[in-house]
Amino acid sequence: MLKTLFLGNPALAVPFLARLHDKSKVVSVITSPDQPAGRGYELKEPAVKTAAKSLSLPIWQPEKLKDPAVSEQFKALGADVGIVVAYGKLIPKAILDIPKHGFINVHFSLLPKYRGAAPMQWALVNGERETGVSLFWLDEGMDTGPIFIQKKLAITDQDDSASLKNKLVALGVEALEESLARIGSGKIDRIPQTGSGSMAPLLKKENGLIDWSKPAQTIMNQIRGLTPWPGVYMLGLKVLKAKVVEAGGKGESGSVITLVTGEGPVVKCGSDALLLLEIQPDGKKAMNAWSWWQGARLKVGEKLR
């Protein structure tokens with residue numbers, strides 16, 4: 001049976017570890033050290049560590065990978081291939097060369113598009129109609145290694161970051177199982193990345209600030225991609241759900257041009273408008289936009305900032 005290493009941290013990576021456990025001999029699960037979290041700064045273990053313990057798999061939490069002693073420990077594991085899912089650290093070349101076949105990284109885009117930390121979110125923000133997963137061989141670059149397996153997925157108008165993540169994780173697990181079967185039968189492809197590349201940088205809070213002068217669909221895509229974090233917001237308010245509608249009234253961008261009874265206010269955008277459906281005032285729980293409007297003491301024609 002194929003001997004594998006698994007490197008990952010968040011809950012998103014857990015289904016991949018579970019499938020790897022079913023289809024190979026996992027010689028070690030490598031994850032980040034426990035980190036202080038919450039108000040009490042109690043140590044919290046990565047989701048992958050919790051899953052590995054439930055599967056009775058050996059766990060290793062190295063602080064740094066560049067230590068020569070760490071490389072020696074990797075060699076001692078005798079793995080045929082390493083699988084990386086959201087590990088969040090660059091793996092030095094000295095380690096990349098250790099497993100017989102190298103390391104496969106699972107990336108949630110059709111490389112070379114959306115290299116970086118947030119490919120799913122940026123695909124939604126940019127209004128892409130298609131994305132997918134790429135299982136590629138790690139090299140020393142940022143998501144630049146040759147492709148092993150790629151699978152495509154259509155993005156629907158209803159998809160947001162949560163639904164797209166669920167679909168891509170399921171597709172990625174399927175691709176991982178296929179990759180293990182191919183390696184086991186000696187059918188290993190290393191296809192150079194071709195075409196125009198793009199980046200998907202780490203999300204920052206300012207990415208969520210609403211600019212009402214932009215088209216309604218652009219803001220809607222921002223909501224789809226950036227909820228729950230960093231969230232899409234204006235002064236004192238996050239917009240959690242909305243719907244693009246035709247701008248049936250006059251007004252400046254950002255002004256409330258009409259109301260839809262029982263649903264919420266309609267806000268004029270650079271083109272068309274957004275019907276706000278669910279919002280979250282600072283320091284409060286999420287609520288439907290109609291209830292918020294009734295208590296906000298605002299009037300049609302006022303501008304949201």
Side-chain angles (χ1 to χ4, degrees), residues 38-39 114 117-131 154-167 198-305:
R39 292 184 178 180
Y114 296 108
M120 291 183 279
Q121 294 91 332
W122 284 111
L124 288 166
V125 169
N126 292 335
E128 298 284 359
R129 308 303 300 175
E130 182 181 67
T131 186
I155 300 176
T156 71
D157 291 337
Q158 290 71 44
D159 275 323
D160 57 18
S161 60
S163 66
L164 188 60
K165 179 184 75 173
N166 290 339
K167 291 177 182 180
S198 60
M199 298 304 295
L202 194 68
L203 295 172
K204 299 178 181 179
K205 184 170 177 57
E206 53 263 34
N207 295 133
L209 182 63
I210 294 176
D211 179 354
W212 292 112
S213 69
K214 292 183 177 180
Q217 187 60 56
T218 298
I219 300 171
M220 187 67 233
N221 291 341
Q222 191 180 11
I223 295 167
R224 293 165 67 209
L226 302 184
T227 301
W229 199 91
V232 175
Y233 61 91
M234 59 192 120
L235 186 61
L237 199 69
K238 278 187 178 180
V239 180
L240 304 180
K241 293 182 182 178
K243 181 168 64 175
V244 176
V245 296
E246 291 185 5
K250 296 180 180 179
E252 293 182 63
S253 296
S255 63
V256 176
I257 56 176
T258 189
L259 300 173
V260 177
T261 302
E263 293 192 88
V266 177
V267 185
K268 179 76 168 62
C269 302
S271 62
D272 293 322
L274 275 185
L275 167 59
L276 306 187
L277 297 173
E278 185 177 344
I279 58 86
Q280 184 175 12
D282 285 351
K284 296 183 179 180
K285 294 182 179 180
M287 62 173 61
N288 68 70
W290 180 249
S291 297
W292 167 77
W293 176 263
Q294 289 180 308
R297 299 183 180 180
L298 299 174
K299 297 179 180 179
V300 173
E302 288 196 49
K303 194 169 184 179
L304 302 180
R305 302 183 185 277

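A side-chain donor-acceptor contact under 3.5 Å links Tyr114 and Asn126. Judged purely by distance below 3.5 Å, without hydrogens or angles, the side chains of Ser163 and Asn166 never pair a donor atom with an acceptor atom. A side-chain donor-acceptor contact under 3.5 Å links Asn288 and Ser291.
Distance alone, capped at 3.5 Å, is enough to place a donor-acceptor pair between the Trp122 side chain and the Pro201 backbone. At least one donor-acceptor pair under 3.5 Å links the side chain of Glu302 to the backbone N or O of Lys299. A donor-acceptor contact shorter than 3.5 Å is absent between the side chain of Gln222 and the backbone of Leu226.
Contact check on Asp159 versus Lys167 returns a salt bridge, with a Lys/Arg side-chain nitrogen under 4.0 Å from an Asp/Glu carboxylate oxygen.
Rounded to the nearest 0.5 angstrom, Lys241 NZ and Gln280 CD are separated by 12.5 Å. Remark: Cys269 SG to Met220 CE distance equals 11.0 Å, nearest 0.5 Å. Atom CD of Glu128 and atom CG of Leu164 lie 11.0 Å apart (nearest 0.5 Å). Ile279 CD1 to Lys284 NZ: the interatomic distance, rounded to the nearest 0.5 Å, is 9.0 Å.
The minimum heavy-atom distance linking Lys165 with Met120 is given by the pair CA-SD, 3.5 Å. Taking each heavy atom of Ser161 and Gly225 in turn, the nearest pair found is CB-O, 3.9 Å. Ala242 approaches Ile223 most closely through the heavy-atom pair CB-CD1, 3.9 Å. Smallest separation of non-hydrogen atoms from Ala216 and Ala273: CB-O, 3.5 Å. The minimum heavy-atom distance between Trp290 and Val260, with the atom names listed, is CE3-O, 3.7 Å. Nearest approach of Ser255 to Gly301, heavy atoms of both residues: CB-O, 3.9 Å.
Within the 4.5 Å cutoff, the side chain of Lys243 has heavy atoms near those of the Leu277 side chain. Side-chain atoms of Tyr233 and Asp282, non-hydrogen and from C-beta on, never get closer than 4.5 Å to each other. Counting heavy atoms from C-beta on, the side chains of Pro265 and Trp292 come closer than 4.5 Å. A 4.5 Å side-chain heavy-atom check between Glu263 and Leu275 finds at least one atom pair inside the cut-off. Under the 4.5 Å side-chain criterion, counting only non-hydrogen atoms from C-beta, Trp293 is in contact with Val256. Side chains of Val245 and Asp272 form no contact here, defined as non-hydrogen atoms less than 4.5 Å apart. A 4.5 Å side-chain heavy-atom check between Leu304 and Ile210 finds every atom pair outside the cut-off. Between Val239 and Met234 there is a side-chain heavy-atom pair separated by less than 4.5 Å.
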* Test Glu252 against Lys303 for salt bridge (charged side-chain N to carboxylate O under 4.0 Å, His left out), laying out the working first. => CA-CA 8 Å; Glu252 293 182 63; Lys303 194 169 184 179; 3.4 Å; yes
* Can you check side-chain contact (heavy atoms from CB on, under 4.5 Å) on Glu130 and Ile155, steps first, answer last? -> CA-CA 5 Å; Glu130 182 181 67; Ile155 300 176; 5.8 Å; no
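Residues meeting the side-chain hydrogen bond (donor to acceptor under 3.5 Å, both in side chains) test with Glu278, sequence neighbours left out: none. For Arg129, the side-chain hydrogen bond (donor to acceptor under 3.5 Å, both in side chains) test picks out Asp157, with sequence neighbours left out.
The side chain to side chain contact (heavy atoms under 4.5 Å, CB included) test with Val266 is passed by exactly one of Val300, Leu274, Leu276, Thr258: Thr258.
Listed by first and then second residue, the salt bridge (charged side-chain N to carboxylate O under 4.0 Å, His left out) pairs that reach into residues 204-217 come to none, sequence neighbours excluded.
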